[in-house]
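Here is the structure we will look at, set down as structure tokens.
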Protein chains: 2
Amino acid sequence: MANIHDVAKLAGVSIASVSRMLAGENVRSAEAIRQAITDLGYRPNASARGLRLGKHHSIAVIVPDISNPYFAALVRGIEERAMTQGFRIVVASSDEQFSAESELLGNLIDAVDAVAIVPAEEGDRTRRMLADLNKPVVLIDRTVGDEPGFDLVHVDNASGAKAAADYLLSLGHRSFGIISGRQDTVPGRVRHQVFLQTLADAGIQVPAEAVKIGEFSRDFGRRAAQELIDNPTGITALFVGNNTMAQGALLSLHAAGVSIPGQLSFLCFDDFDLAELLPAPVTVISRPAIAEGHAAADLLLERIEHFGSPDQPPLEHKVLPVSLTIRQSCSAPASN
Amino acid sequence: MANIHDVAKLAGVSIASVSRMLAGENVRSAEAIRQAITDLGYRPNASARGLRLGKHHSIAVIVPDISNPYFAALVRGIEERAMTQGFRIVVASSDEQFSAESELLGNLIDAVDAVAIVPAEEGDRTRRMLADLNKPVVLIDRTVGDEPGFDLVHVDNASGAKAAADYLLSLGHRSFGIISGRQDTVPGRVRHQVFLQTLADAGIQVPAEAVKIGEFSRDFGRRAAQELIDNPTGITALFVGNNTMAQGALLSLHAAGVSIPGQLSFLCFDDFDLAELLPAPVTVISRPAIAEGHAAADLLLERIEHFGSPDQPPLEHKVLPVSLTIRQSCSAPASN
DNA sequence: TCGACAACTGTAAACGTTTTCAGTTGGATG
DNA sequence: CATCCAACTGAAAACGTTTACAGTTGTCGA
């Protein structure tokens, strides 16, 4: 409630001196000011400062759904880094809707210095919307168009998908199913295509009826797996494009009594809680959500610092490694 | 970039008219102003507004760890409600540290209108710290002292713990173990005490060596269960105070080859992802994290509205119901 | 003792709003 | 046609900072 004038009066100086001392400059009566500040419990008003400086010390973080553990971990990573620089995190969930996303951003943008976003759509309208913000932006996990013009933080989806395919091939599988997420997103597309391409390079085609493409949701995973169960295709291995779909698929497979890895080897992208506790602990391609958050925040903080000045650091595209975590959901196919 | 002056000039009116029209008042030249606003892409500056009004349209949400799925869901619930009123959410994780919490709050408080918090400590210093904020506060899941003086959102821990005990008793168990969280928190204490009291009412004591109390963490759950395994106590049922400890305990039990529910019936507070997929799908007391978030946000928004005015609504203590979700981790004890 | 200079200080403007207060308009009423 | 009043309008102050600018000190060397 006390403002800088109160402090100045109590310390017997002008408000300029208080402001300067707060900014770390040398001031004759620093001690008196410090005293007055603690006596009054003064803290500078963030809005006034924001108004004057055009800075807010805040970063907007837009994710499809904060209650998804992966995104929550991502937010945590961003938060950890941002906090060290005194930056606040403003979060919002887009529900994978471009419209929600752009409305959210409209409301938030004036109160933040930068945006970290997992965009709902990778199309050009998203790119334009973000460019119009005129603030530092980092794209996480996905991208927007071929020349996004923003910093990027991705994981090495291609290597992950290739590792998955190679591993299953090495076990002897020749007949595959795949459940993939939306092909208009980088993770959906890359994981899908690289997996299939790796098989193709080994001379193996995946029949159309064993390819399921849809939302990155538990519900779609469940339905897709159910279809595979209902229309047997003779596949011996199933690759699923992310953890939420995988959980759905496991639900269906479990309900149908499909034994893993006995009847079907199962491998998915993204680790998840308790994957190791399932009847057949799931082999996964795991990725470092917290580290992604760190990388995104670092990029953003760096860019905030230089924003507006001519010596912009060049755009960066950080690609973090993924790793194959082998558990027990994959084995050699049953010989027949 | 455009400000209200630019809009006023373009529309040929004074800035007062623009401001009024934005506030929904009747204005002669509304159409021209609307036009100018869209032409210029004008959006009111949040800092200026915040400075002038002393309002920020933001709510701080402090949780122990945003990457914990339960808290993430809570945040999601708060966000859903807050969004409908145009409020932003500023999140931060306290890591269960009072010091971190109060520092965070110090940085955030000037930029928000209210605080939703799962406090790290339930002691008096937390109560004082929150009271000093002089803003609406809602405590979620925990409390601070006997007369907190804030709105509260809890789940019915007592009923849940009693339901758990009753259920296990009804199956015929007479020999119990318990793993509980910190006793200086409401959920830790109530769940622990009510469970034991319900058993006591049935004439059953739990031996000290089968009672484990510690952090609400996966790691503590793992260690506690390991101790139970290493020093057999002959228990036939185990109650665990929350989901993270439960996951740790399951890890230990699984590693030790303890069959559930064959050798041990297992029941815990809080549902978790995939609980239904485990070798023995876990019977749980489940609680509505999103609904808790909704309740908290509703309380806060209501209080923000009336803050400062004399007609404060009375403090509320919302207690949301929990439910026993029976799966397959509990059965009658093996007869001997 | 004087002047130069470094080091500090204070005044006032600016940031972009909202809102009070004192008008101005124009239609209805007598 | 004068008056009144409702409905609107604009100028200016205020919110709490930071910072350019123009001083004011005090020290040191000559």
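Hydrogens, waters and symmetry mates are skipped; everything else that's a heavy atom, side chains included, is used. Please read all numbers here as calculations on a predicted model, not as lab measurements. Throughout, protein chains are lettered first and strands after them, A, B, ... in sequence-line order, and every chain is numbered starting at 1.
Between B:Ser47 and C:dG16 there is no side-chain polar atom (N or O) within less than 4.0 angstrom of OP1 or OP2. For D:dC8, one of the phosphate oxygens OP1 or OP2 lies less than 4.0 angstrom from a side-chain nitrogen or oxygen of B:Asn26. Residue A:Asn45 places none of its side-chain N or O atoms closer than 4.0 Å to OP1 or OP2 of D:dG16.
Atom-to-atom, CD1 of B:Ile4 to P of D:dT9 comes out at 14 Å; the value is rounded to the nearest Å. Rounded to whole Å, the distance from CD on A:Glu25 to P on C:dG10 is 13 Å. Rounded to whole Å, atom C1' of D:dT17 lies 14 Å from atom NE2 of A:His56. Atom P of nucleotide C:dT17 and atom NZ of B:Lys9 are separated by 14 Å, given to the nearest angstrom. Separating the CD1 atom of A:Ile33 from the P atom of C:dT9 is a distance of 7 Å, rounded to the nearest angstrom. Atoms CZ (A:Arg49) and P (C:dG16) sit 18 Å apart, rounded to a whole Å. If you measure from atom CZ of A:Arg52 to atom P of C:dC15, you get 8 Å, rounded to the nearest angstrom. Between the CG atom of A:Asp6 and the P atom of D:dC15 there is a distance of 11 Å, rounded to whole Å.
Within the 4.0 angstrom heavy-atom criterion, base atoms lie near A:Leu51. Within 4.0 Å of B:Ser19, counting heavy atoms only, lies at least one base atom of the nucleic acid.
Here the side chains of B:Glu302 and B:His306 are in contact, with some heavy-atom distance below 4.5 Å.
Listed candidates were D:dG16, C:dG10, C:dT17. Nearest to the side chain of A:Asn3 is D:dG16.
Each of A:Ile15 and B:Val27 has a nearest nucleotide on DNA chain D; the 5'-most of these lies closest to B:Val27. Positionally, the nearest nucleotide of DNA chain D for A:Leu22 lies more toward the 5' end than for the other of A:Leu22 and A:Arg28. Closest-nucleotide positions on DNA chain C for A:Ser14 and B:His5 were compared, and the one nearer the 5' end corresponds to A:Ser14.
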Stepwise side-chain contact (heavy atoms from CB on, under 4.5 Å) test for B:Leu152 and B:Glu316: CA-CA 6 Å; B:Leu152 261 35; B:Glu316 279 200 52; over 6 Å; no
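Contact detail for A:Arg303 and A:Asp151: the closest heavy-atom pair is NE-OD2, 2.5 Å.
One can find a donor-acceptor pair under 3.5 Å joining the base of D:dG10 and the side-chain atoms of B:Arg20.
Cation-pi contact between B:Arg182 and B:Phe216: absent, since separation from the ring centre below 6.0 Å together with deviation from the ring axis within 45° is not met.
Between B:His57 and B:Phe87, the angle of the ring planes stays under 30°, which puts this pair in the parallel group of the 30/60° scheme.
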